[in-house]
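Order of listing sets the numbers, starting from 1, for every ligand and every atom in it.
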Amino acid sequence: MPGADGQPGAPLLAALRARIARDGAISVEAFMRACLTDPEHGTWRREGVIGSGGDFITAPEISQAFGELIGLWCAVAWQGMGRPVPVRLVELGPGRGTLMRDALRAVRLVPGFLEAVTVHLVEISRALREEQRRVLGADRPIAGQQPQGQSPPPSLPGQGEGGPAAATLWHETVQDVPPGPAIVVANEFLDALPIRQLVFAGGDWHERVVEADATGGLRFGVGARVRDRLPAAPPPAEGDILELRPAEAELLAALARRSAPLYALFIDYGPAEAAYGDTLQAVRRHRWVDPLAHPGTADITAHVQFARLADSARAAGLAVDGPLPQGELLGRLGIAERAARLMATNPALAGDIEAGVQRLVSPTGMGSLFKAMAVRTPGLPPVPGFG
Ligand code: SAH
């Protein structure tokens, strides 16, 4: 978004430089948080971030089979819990609402599930909340009715018709979701939570910081020595970068504190085994850009370290399944069969359907960089795809 002087990101850059001049260098975490959630200039305050015309595209936007299979995964999870009524179907960071729309349509064939569900969308972006409301037809909270108005590109026919309306509530954080049994899904949510970066220099870990440079921009620097207890990791070499995402442990602890049956499915990109390295990245209009240039105008994310996510889940008292490569989970959930059915019903679009599914499962697409990991209340059976 062009700033007052025509330079993208100029207002937030000026605000950050002023803050640094006043308070000193800021942590990478504070920088990332400002880029994402600054009340005036943060990414999530802007409109049109997700989708082919936005900054980046995600699995549910690539193929409706993705949301449909996750919906069926949720229905089986509900059965594994003993079919509680009501059950909270929670999505963290629902984007345009596409995954939830496709999930709710697919589960219409599962007896009793839709009637049991209340939908809870944890979303900080006002613009995306509006989009979700439109896409889900959520102003019409009667199951089984056709949504009206300007929905996004409709999903293809093939399984169940009509709008997936179910009672839907929006929340600022997961802590606000009412108590009771819950099934939580989060696709590309964790990568959008701020990370800390530590850099190994002179035999110690230091906070990696962002400071002002002499030419009106920002640059990385090495900040104060860190005394926190750090997760187990291989011996570091000079210059190694360790990424920590404190919000993950907080999220898992909040889920565990619900003390009601819970399944949660996290899908995101990052390594299965903890690894050193700088994974901070910024994408604008589907292109990589320098994360420090034009703050707030690009989608800034970092890999999820699944080994640490699993450790945080276990520390919170939850059982862990996976991680698995996304392609493997989708294969086990039946994406090939689902795609074949969609192609048979929509022969003119068979090529696009095939290409979309390939992108989700292929190791050269999203099939292996993306991983899926499930957590559950101990004692619940493992869910399909992970058992
Ligand atoms: N799951 C969607 C969107 C992924 S983008 C998809 O797969 O298309 C990340 C989403 O998380 C957006 O909806 C964004 O607004 C939301 N989000 C980011 N940080 C958040 C936070 N701290 N709390 C709640 N929602 C957040």
Side-chain angles (χ1 to χ4, degrees), residues 29-30 32-39 42-71 74 89-104 119-136 152-153 155 168-177 184-195 245-252 254-255 264-270 281-284 286 296 298-304 326 330 356 359-360 366 369-372:
E29 187 183 17
M32 193 172 168
R33 177 169 292 118
C35 290
L36 291 166
T37 60
D38 180 84
T43 304
W44 300 125
R45 309 292 153 178
R46 285 191 293 130
E47 302 201 10
V49 175
I50 307 173
S52 48
D55 288 329
F56 60 101
I57 191 156
T58 55
E61 307 291 334
I62 291 171
S63 171
Q64 71 187 70
F66 187 81
E68 291 170 346
L69 292 174
I70 290 186
C74 292
L89 183 55
V90 183
E91 185 172 359
L92 309 179
R96 303 174 68 195
T98 311
L99 186 161
M100 187 57 83
R101 176 193 66 183
D102 293 337
L104 290 174
V119 175
H120 299 269
L121 302 179
V122 177
E123 175 58 68
I124 76 174
S125 159
R126 300 293 131 177
L128 287 174
R129 281 188 184 199
E130 282 319 304
E131 178 114 13
Q132 291 153 17
R133 197 183 302 279
R134 260 200 319 274
V135 169
L136 291 169
S155 292
T168 305
L169 294 170
W170 278 262
H171 307 283
E172 208 60 34
T173 75
V174 76
Q175 281 91 333
D176 302 332
V177 175
V184 179
V185 298
N187 185 60
E188 290 205 45
F189 172 73
L190 298 175
D191 66 72
L193 301 178
I195 56 160
R245 186 173 269 123
E248 271 174 12
E250 290 160 23
L251 170 64
L252 288 157
L255 292 178
L265 177 63
F266 296 99
I267 302 181
D268 230 306
Y269 49 96
Q281 64 182 47
V283 175
R284 172 150 35 98
H286 306 272
D299 178 54
I300 188 165
T301 63
H303 282 191
V304 172
Q326 168 173 295
L330 293 177
R359 187 164 166 198
L360 297 186
M366 300 166 75
L369 173 61
F370 281 71
K371 313 281 186 309

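Between R126 and E172 there is a salt bridge, since a side-chain N of the basic residue sits under 4.0 Å from a carboxylate O of the acidic one. The existence of a salt bridge linking R134 and E130 is excluded, since no basic side-chain nitrogen approaches an acidic carboxylate oxygen closer than 4.0 Å. With salt bridges taken as basic N to acidic carboxylate O contacts below 4.0 Å, one links R96 and E131.
Note: M366 CE to I62 CD1 = 4.5 Å, rounded to the nearest 0.5 Å. Between the OG1 atom of T173 and the CG atom of L251 there is a distance of 9.5 Å, given to the nearest 0.5 Å.
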Check: every ligand 1 N/O to protein N/O pair under 3.5 Å:
residue: ligand 1; atom: 1 (N); partner: G93; partner atom: O; Å: 2.7
residue: ligand 1; atom: 1 (N); partner: N187; partner atom: O; Å: 2.7
residue: ligand 1; atom: 7 (O); partner: T58; partner atom: OG1; Å: 3.4
residue: ligand 1; atom: 7 (O); partner: N187; partner atom: ND2; Å: 2.7
residue: ligand 1; atom: 8 (O); partner: T58; partner atom: OG1; Å: 2.5
residue: ligand 1; atom: 13 (O); partner: G95; partner atom: N; Å: 3.0
residue: ligand 1; atom: 13 (O); partner: E123; partner atom: OE1; Å: 2.6
residue: ligand 1; atom: 15 (O); partner: E123; partner atom: OE2; Å: 2.4
residue: ligand 1; atom: 25 (N); partner: I124; partner atom: N; Å: 3.4

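Using cut-offs of 30° and 60° for the angle between ring planes, the H171 and H120 rings count as parallel.
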